[in-house]
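Notes follow once the structure below has been shown.
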Amino acid sequence: MAGLFQKILIANRGEIALRIQRACREMGIPTVAVHSTADAQAMHVRLADESVCIGPPQARDSYLHTAAILSAAIVTGADAIHPGYGFLSENAEFADMVEAHGLTFIGPSPDHIRMMGNKIAAKAAMASLGVPLVPGSDGEVLSLDSAREIAAEIGYPVLIKAAAGGGGRGMKVARTAGDLEEAWGTARAESRAAFGNDAVYMEKYLDRPRHIELQVLADTHGNVVHFGERDCSLQRRHQKLLEEAGSPVINEAQRAALGATVTSGLAQLGYRNAGTLEFLYQDGQFAFIEMNTRLQVEHPVTEMVCSVDLVREQIRIAAGEPLGYTQSDVRFTGHAIECRINAEDPETFMPTPGMVTAFHAPGGLGVRVDSALYAGYKVPPYYDSMVAKLIVHAPTRMEAIARLRRSLAEFAIVGIKTTLPLHQRIVEDPQFQAGDYTIHWLERFVSGQ
Ligand code: ADP
């Protein structure tokens with residue numbers, strides 16, 4: 001693998017920085033870690049070959065500081081940058097800057113990032129490729145009056161969504177015509193505040209869908225392969241908490257059909273590197289909602305069932321290597337489940353930064369823990385609250401659930417509250433065990449209804 005890149009700068013922190021470091025190390029590629037002053041003692045810095053402090057704690061002054069990151073890459077002689085997820089991973093201007101300086105951005109082309117970053121443009125592109133969409137407005141909705149007309153056409157409830165949306169922000173439901181004005185106003189205000197852009201569009205609000213997404217890889221030689229679906233229906237406030245591969249409700253034929261539509265569409269687009277298409281699935285129908293042009297938090301469940309290292313593949317693709325396999329070489333074995341463990345109170349979901357006084361990760365057959373925690377580490381208050389991912393893999397879903405139950409029981413994170421107890425409750429729930437849930441299930445589960 002030597003020769004792909006001289007050195008890769010990892011423009012991220014936490015578990016994902018470690019995850020990327022691990023892939024690079026196995027490929028024999030040296031890495032550069034970057035960190036804020038708050039992260040000087042972080043695991044991704046302690047384990048790095050080299051590290052550069054890029055600024056103060058606030059993300060906008062460090063992990064989002066494009067000039068500081070690019071300078072760090074140039075000074076250390078890195079020839080590629082892996083952005084991970086979040087931060088700059090879907091920032092087309094940053095990808096442009098990286099390429100303008102003669103470095104490789106490990107990800108899709110800036111144009112594709114830009115296209116999919118605007119959900120209106122993404123939906124238009126997917127519609128033209130024959131991918132089914134959630135019924136809704138044809139593009140941006142420019143006025144409250146036209147929002148009223150569209151809602152009357154598609155029928156309430158409707159969802160007003162930010163074109164620039166992400167992380168569930170800028171999204172408001174109007175259950176009836178009486179709710180529309182308020183939903184319209186808040187979605188736009190939230191979107192303006194979060195993204196500096198108040199363009200919105202509308203969708204029919206589906207009452208009992210599952211969130212099902214498809215993982216793809218595309219090389220620069222025209223090969224596109226999918227790695228099946230992930231079911232990410234367990235969400236709170238539109239944020240995923242637990243993910244499975246495959247979905248308990250999708251069969252092989254459905255997977256193959258969706259995969260064929262998506263891979264041929266992406267081949268036509270000339271898409272490259274990793275990507276995920278997100279769908280809502282209800283009454284046997286898939287409807288596209290958005291595409292993420294990056295590695296996702298939940299990628300490990302796919303890695304477990306497909307025996308693929310997606311980060312390694314991203315790096316190979318960015319270096320211009322062909323995939324070297326076709327769709328029929330991709331095998332799906334067993335079932336995998338991931339729990340996102342957040343430094344949050346499991347009842348109120350308030351963030352709980354602070355000192356981890358003891359840490360013991362579960363192990364054994366089919367258990368994977370992706371975390372940057374260690375005993376004596378102080379979780380800083382400045383960043384995302386996710387501190388660990390527990391991933392289990394077993395031959396069947398029921399065995400995976402049994403493995404998850406015993407792994408959760410072994411897992412000890414002491415000193416701060418985490419969402420571990422919530423996951424322990426979820427695995428015991430008969431409906432979860434039956435795979436019988438929609439995107440609304442968890443919200444009701446946590447509120448005890
Ligand atoms: P974001 O980019 O903010 O994450 P998405 O468009 O990916 O926004 O939607 C996030 C989540 O919101 C979905 O996984 C789903 O739970 C919910 N959602 C989005 N669109 C709809 C819809 N039309 N009907 C019902 N729920 C939706």
Side-chain angles (χ1 to χ4, degrees), residues 85-87 89-91 113 115-127 131-138 140-141 147 150-151 153-175 179-180 183 186-188 190-195 197-215 229-244 247 249 275-283 285-294 296-298 340 384 386 437-446:
Y85 54 68
F87 295 130
S89 61
E90 289 173 300
N91 184 319
I113 297 176
M115 173 191 283
M116 300 307 170
N118 181 320
K119 294 173 160 193
I120 294 173
K123 286 186 78 169
M126 289 303 156
V131 176
L133 308 182
V134 180
S137 59
D138 188 14
E140 186 178 348
V141 181
I150 295 161
E153 245 170 70
I154 60 177
Y156 287 92
V158 296
L159 196 56
I160 317 251
K161 296 175 81 170
R169 282 171 305 173
M171 196 186 304
K172 289 285 166 253
V173 187
R175 299 209 170 268
D179 296 339
L180 192 66
T186 22
R188 289 183 34 132
E190 227 179 85
S191 174
R192 204 177 309 122
F195 313 110
N197 171 354
D198 62 6
V200 293
Y201 63 106
M202 274 167 76
E203 275 175 5
K204 172 99 188 151
Y205 181 71
L206 301 183
D207 56 351
R208 49 193 163 77
R210 299 177 78 110
H211 173 116
I212 291 178
E213 57 185 35
L214 198 79
Q215 174 71 55
E229 80 286 357
R230 295 185 283 258
D231 195 320
C232 311
S233 302
L234 289 201
Q235 304 179 353
R236 184 180 162 271
R237 301 209 171 150
H238 307 303
Q239 302 261 29
K240 299 161 189 166
L241 245 100
L242 180 150
E243 303 97 350
E244 310 195 41
S247 167
V249 298
T276 298
L277 283 92
E278 297 191 333
F279 297 87
L280 295 179
Y281 175 79
Q282 184 172 307
D283 303 325
Q285 305 288 325
F286 289 101
F288 172 83
I289 48 172
E290 70 159 337
M291 177 165 185
N292 292 316
T293 52
R294 55 171 168 81
Q296 289 199 268
V297 174
E298 60 274 23
R340 296 190 188 195
D384 192 87
M386 194 189 72
Y437 54 74
T438 72
I439 58 165
H440 305 300
W441 185 85
L442 186 64
E443 210 81 54
R444 286 194 283 265
F445 182 79
V446 296

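Both ligands and their constituent atoms are indexed starting at 1 by order of listing.
- Using bins of under 30°, 30° to 60° and over 60° for the plane-to-plane angle, the ring pair F279/F288 lands in the perpendicular bin.
- Side-chain atoms of M116 and E290, non-hydrogen and from C-beta on, never get closer than 4.5 Å to each other.
- In this structure, CG in L241 is found 5.5 Å from CG in L442, a value given to the nearest 0.5 Å.
- Partners of D207 by salt bridge (Lys or Arg N to Asp or Glu O under 4.0 Å), not counting sequence neighbours: none found.
- For Q296 and T276, the side-chain atoms include at least one donor-acceptor pair closer than 3.5 Å.
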Check ligand 1 for close polar pairs with the protein: N or O on both sides, less than 3.5 Å.
| unit_1 | atom_1 | unit_2 | atom_2 | d |
| --- | --- | --- | --- | --- |
| ligand 1 | 2 (O) | K119 | NZ | 3.0 |
| ligand 1 | 2 (O) | E290 | OE1 | 3.4 |
| ligand 1 | 2 (O) | E290 | OE2 | 2.8 |
| ligand 1 | 3 (O) | G166 | N | 3.4 |
| ligand 1 | 3 (O) | G167 | N | 3.2 |
| ligand 1 | 3 (O) | G168 | N | 2.5 |
| ligand 1 | 6 (O) | K119 | NZ | 3.1 |
| ligand 1 | 6 (O) | K161 | NZ | 3.0 |
| ligand 1 | 7 (O) | E278 | OE1 | 3.0 |
| ligand 1 | 7 (O) | E290 | OE2 | 2.6 |
| ligand 1 | 8 (O) | K119 | NZ | 3.0 |
| ligand 1 | 12 (O) | H238 | ND1 | 3.0 |
| ligand 1 | 14 (O) | H211 | ND1 | 2.7 |
| ligand 1 | 14 (O) | Q235 | OE1 | 3.4 |
| ligand 1 | 14 (O) | Q235 | NE2 | 2.8 |
| ligand 1 | 16 (O) | Q235 | OE1 | 2.6 |
| ligand 1 | 20 (N) | K161 | NZ | 2.9 |
| ligand 1 | 20 (N) | E203 | OE1 | 3.4 |
| ligand 1 | 23 (N) | E203 | OE1 | 2.9 |
| ligand 1 | 23 (N) | K204 | O | 2.8 |
| ligand 1 | 24 (N) | L206 | N | 2.9 |

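- Looking at every heavy atom in both residues, E90 comes nearest to M291 through OE2-O, 4.5 Å.
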